[in-house]
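The analysis underlying the following values was restricted to heavy atoms, covering all of them including side chains, and did not include hydrogens, waters or symmetry mates.
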Amino acid sequence: QVQLVESGGGLVQAGGSLRLSCVASGSVFRVKAMGWYRQVPGKQRELVAGITSDELTNTADSVKGRFTISRDNAKNTVYLQMNSLKPEDTAVYYCNANLRPVFAIGFRDYWGQGTQVTVSS
């Protein structure tokens, strides 16, 4: 089992910045990839950015150049630095830990509780 706790969400104005944090605990040694996903009511949960245990990264086109994913292995923490935020970035952001080294969900993965990000225009 892997437990994930997200933090750092909040309300910001367009153009502002936030940094999300995801702290993992439990069987952390089994995790091969971690990612940030977001979901808006009525839409599917989508990958924002991910990073694997061997340093491969992937970032969605919609946030490329604005969001950056990073990790601190000593703290079992993954971060999402969000700059130049837009109203369309408003969503619940979820941290995912995957026991497979891929950016996919639904099998051998774990979710955090989510953190709300709201960007005002």
Check: Is there a side-chain contact between L80 and R38, using heavy atoms and a 4.5 Å cut-off?
Finding: no
Would you kindly confirm whether Y94 and I51 end up in one hydrophobic cluster when ILVMFWY residues are joined by side chain heavy atoms under 4.5 Å apart? no
- Query: How about R19 and Q81: do any of their side-chain heavy atoms sit closer than 4.5 Å?
  - Reply: yes
Is there side-chain contact between T90 and V40, with heavy atoms separated by less than 4.5 Å?
no
Quick check: does any side chain N or O of Q113 sit under 3.5 Å from a backbone N or O of V5, one acting as donor and the other as acceptor? no
Tightest non-hydrogen contact, residues S17 and N83, listed as OG-OD1, 2.9 Å
Taken to the nearest 0.5 Å, the spacing of S121 OG from Q13 CD works out to 9.5 Å
* **C95 backbone acceptor or donor facing E6 side chain under 3.5 Å** => yes
Does R30 reach the side chain of V2, with side-chain heavy atoms less than 4.5 Å apart? no
For A33 and V102 the tightest heavy-atom approach is CB-O, 3.8 Å
Quick one: does F67's side chain get under 4.5 Å of L85's, heavy atoms only?
yes
For M34 and C22 the tightest heavy-atom approach is CE-SG, 3.8 Å
Q) Quick check: are there more than 12 heavy atoms from other residues, nucleotides or ligands sitting under 6.0 Å from NZ of K75? A) no
Scanning both residues in full, the closest heavy-atom pair of R108 with N98 reads O-OD1, 3.3 Å
Taken to the nearest 0.5 Å, the spacing of T59 OG1 from I69 CD1 works out to 7.5 Å
All heavy atoms of V31 vs all of S53, minimum pair found to be O-CB, 4.3 Å
Is the shortest side-chain heavy-atom distance between F103 and T52 below 4.5 Å?
yes
Q | Pairwise side-chain contact, R66 with D89, heavy-atom cut-off 4.5 Å (strictly under) | A | yes
According to a hydrophobic-cluster definition based on side-chain heavy atoms being under 4.5 Å apart (Ile, Leu, Val, Met, Phe, Trp, Tyr only), do V12 and Y93 belong together? yes
same_hphob_cluster(L47, V117) at 4.5 Å side-chain heavy-atom cutoff: no
Rounded to the nearest 0.5 angstrom, the CG-CZ distance for L99 and F107 is 9.0 Å
Tightest non-hydrogen contact, residues T77 and S21, listed as CG2-CB, 4.4 Å
Do the non-hydrogen side-chain atoms of Q116 and V92 ever get within less than 4.5 Å of each other? yes
Across all chains, not counting sequence neighbours, the side chain to side chain contact (heavy atoms under 4.5 Å, CB included) partners of I105 are Y37, N96, D109, W111
Note to self: I'd like to know if the side chain of Q1 reaches the main chain of S27, judged simply by a donor and an acceptor atom lying under 3.5 Å from each other, with no hydrogens or angles considered.
What the structure shows: no
